[in-house]
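Here the structure is laid out as structure tokens; the discussion comes afterwards.
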Amino acid sequence: MSNEQTTFLMIKPDGVERGLADEIIGRFEGIGLRMLAMWVGKPSLERAEAHYAVHKERPFYPDLIEFITSGTVVAMAWRGEDAIEASRRLIGATNWEDAEPGTIRADFARSIDKNIIHGSDGEDTAAFELGLWFPDGLED
């Protein structure tokens, strides 16, 4: 039984600044996901606040918003078999020190705050984030 899903992934400013976008994209292609859409640019304050609204009451929220709007991001829509879980597994734990060897965060992140990449954590989150970053919809 196929479980085709679409998920949202974003290479954060630290990943872009360090020239890791091509390597990271290649890893998702390597696990069989297909990129449907890409947006490259500096997020607006409004988009960043909407994206991270779930963390608004957390003490790290202001720093998170400052970081995510500090430079270029690569926002992407990916589709494939169990895309959400597969991409989360490839990304690794939020804290790079807890991430399994071979994951993106274990290989490249060096801070829990600047951890290279964001990935949707579930179908509802993916739907919200995809709608926020790709408001005109996606084509397969």
Side-chain angles (χ1 to χ4, degrees):
M1 187 160 148
S2 177
N3 186 28
E4 186 90 354
Q5 294 177 318
T6 305
T7 192
F8 175 80
L9 301 169
M10 177 173 53
I11 303 171
K12 297 178 181 180
D14 55 329
V16 175
E17 287 168 14
R18 291 174 49 200
L20 298 172
D22 288 342
E23 164 80 18
I24 291 169
I25 289 168
R27 288 190 182 200
F28 289 101
E29 291 170 336
I31 63 167
L33 299 182
R34 316 183 298 290
M35 188 188 310
L36 302 180
M38 175 191 288
W39 180 90
V40 178
K42 189 174 175 180
S44 68
L45 180 61
E46 295 75 24
R47 183 178 273 173
E49 288 176 341
H51 182 91
Y52 288 112
V54 66
H55 298 303
K56 191 167 180 68
E57 301 306 316
R58 308 287 292 273
F60 59 81
Y61 178 79
D63 291 337
L64 179 59
I65 297 301
E66 183 178 339
F67 167 60
I68 210 68
T69 59
S70 70
T72 301
V73 303
V74 179
M76 301 165 287
W78 289 84
R79 181 168 295 157
E81 185 76 17
D82 295 315
I84 296 169
E85 179 59 31
S87 62
R88 299 284 295 176
R89 206 173 306 128
L90 180 59
I91 289 169
T94 303
N95 184 346
W96 68 279
E97 293 175 316
D98 299 332
E100 293 291 322
T103 63
I104 292 168
R105 288 181 175 151
D107 290 350
F108 301 121
R110 292 298 169 260
S111 158
I112 194 169
D113 299 324
K114 295 181 178 176
N115 59 12
I116 304 292
I117 189 166
H118 165 86
S120 299
D121 61 4
E123 290 186 19
D124 291 344
T125 307
F128 169 76
E129 292 172 346
L130 289 163
L132 179 65
W133 291 86
F134 302 102
D136 295 333
L138 300 169
E139 292 186 28
D140 194 1

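Predicted, not measured: the structure shown is a model, and the values here were computed from it.
Inter-residue side-chain proximity for I25 and M38 is flagged as met; some heavy-atom pair is nearer than 4.5 Å. The shortest side-chain heavy-atom distance between I117 and F108 does not fall under the 4.5 Å cut-off. Side-chain contact between S44 and T69: absent, with no pair of heavy atoms (C-beta onward) separated by less than 4.5 Å. No side-chain heavy atom of K114 sits under 4.5 Å from any side-chain heavy atom of K12. Side-chain contact check for F28 versus L9: some heavy-atom pair is nearer than 4.5 Å. Residues F60 and H55 have side chains in contact (heavy-atom distance under 4.5 Å, counting atoms from C-beta outward). Side chains of T6 and L138 form a contact here, defined as non-hydrogen atoms less than 4.5 Å apart. Residues N115 and T94 are in side-chain contact: their nearest non-hydrogen atoms beyond the backbone lie under 4.5 Å apart.
Minimum interatomic distance between V74 and A21 (heavy atoms only, all atoms of both residues): CG2-CB, 4.4 Å. Residues A48 and I65 come closest through the heavy atom pair O-CD1, 3.5 Å. Among all heavy-atom pairs drawn from I91 and G119, the shortest one is CD1-CA, 3.8 Å. Listed here is the closest heavy atom pair of I112 and W96: N-CD1, 3.9 Å. Minimum heavy-atom separation, Y61 to Y52: CE1-O, 3.4 Å. The minimum heavy-atom distance between I68 and V73, with the atom names listed, is O-CG1, 3.9 Å.
Summarising the geometry, atom CH2 belonging to W39 is positioned 8.0 Å from atom OG1 belonging to T72; distances are rounded to the nearest 0.5 Å. Within the model, atoms OG of S87 and CE of M76 stand 10.0 Å from one another, a figure rounded to the nearest 0.5 Å. We find the CZ-OG1 distance between R27 and T103 to be 8.0 Å, quoted to the nearest 0.5 Å. To the nearest 0.5 Å, atoms CG (L45) and CD (E66) are separated by 11.0 Å. From T125, atom OG1 reaches atom CD1 of I84 across 8.0 Å, with rounding to the nearest 0.5 Å. From E81, atom CD reaches atom CG of L33 across 10.0 Å, with rounding to the nearest 0.5 Å.
In the hydrophobic clustering of this structure, I116 groups with L90; members are Ile, Leu, Val, Met, Phe, Trp, Tyr whose side-chain heavy atoms approach within less than 4.5 Å, directly or through other members.
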Under 3.5 Å, which donor-acceptor pairs do the side chains of residues 126-136 form with other protein atoms, sequence neighbours left out?
from: E129; atom 1: OE1; to: H118; atom 2: NE2; distance (Å): 3.1
from: E129; atom 1: OE1; to: S120; atom 2: OG; distance (Å): 2.5
from: E129; atom 1: OE2; to: H118; atom 2: NE2; distance (Å): 3.0
from: W133; atom 1: NE1; to: H51; atom 2: ND1; distance (Å): 3.0

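Sparse packing is recorded around CD of E57, with 12 or fewer heavy atoms of other residues, nucleotides or ligands lying under 6.0 Å away. Under a cut-off of 6.0 angstrom, the local environment of CD in E100 is sparse, with at most 12 non-hydrogen atoms contributed by other residues, nucleotides or ligands. Around CZ of R110, the count of heavy atoms belonging to other residues, nucleotides or ligands within 6.0 Å exceeds 12.
The residues D82 and R89 are annotated as not salt-bridged, no charged nitrogen and carboxylate oxygen being separated by less than 4.0 angstrom. Here R18 does not pair with E23 in a salt bridge; the nearest charged N to carboxylate O distance is not below 4.0 Å.
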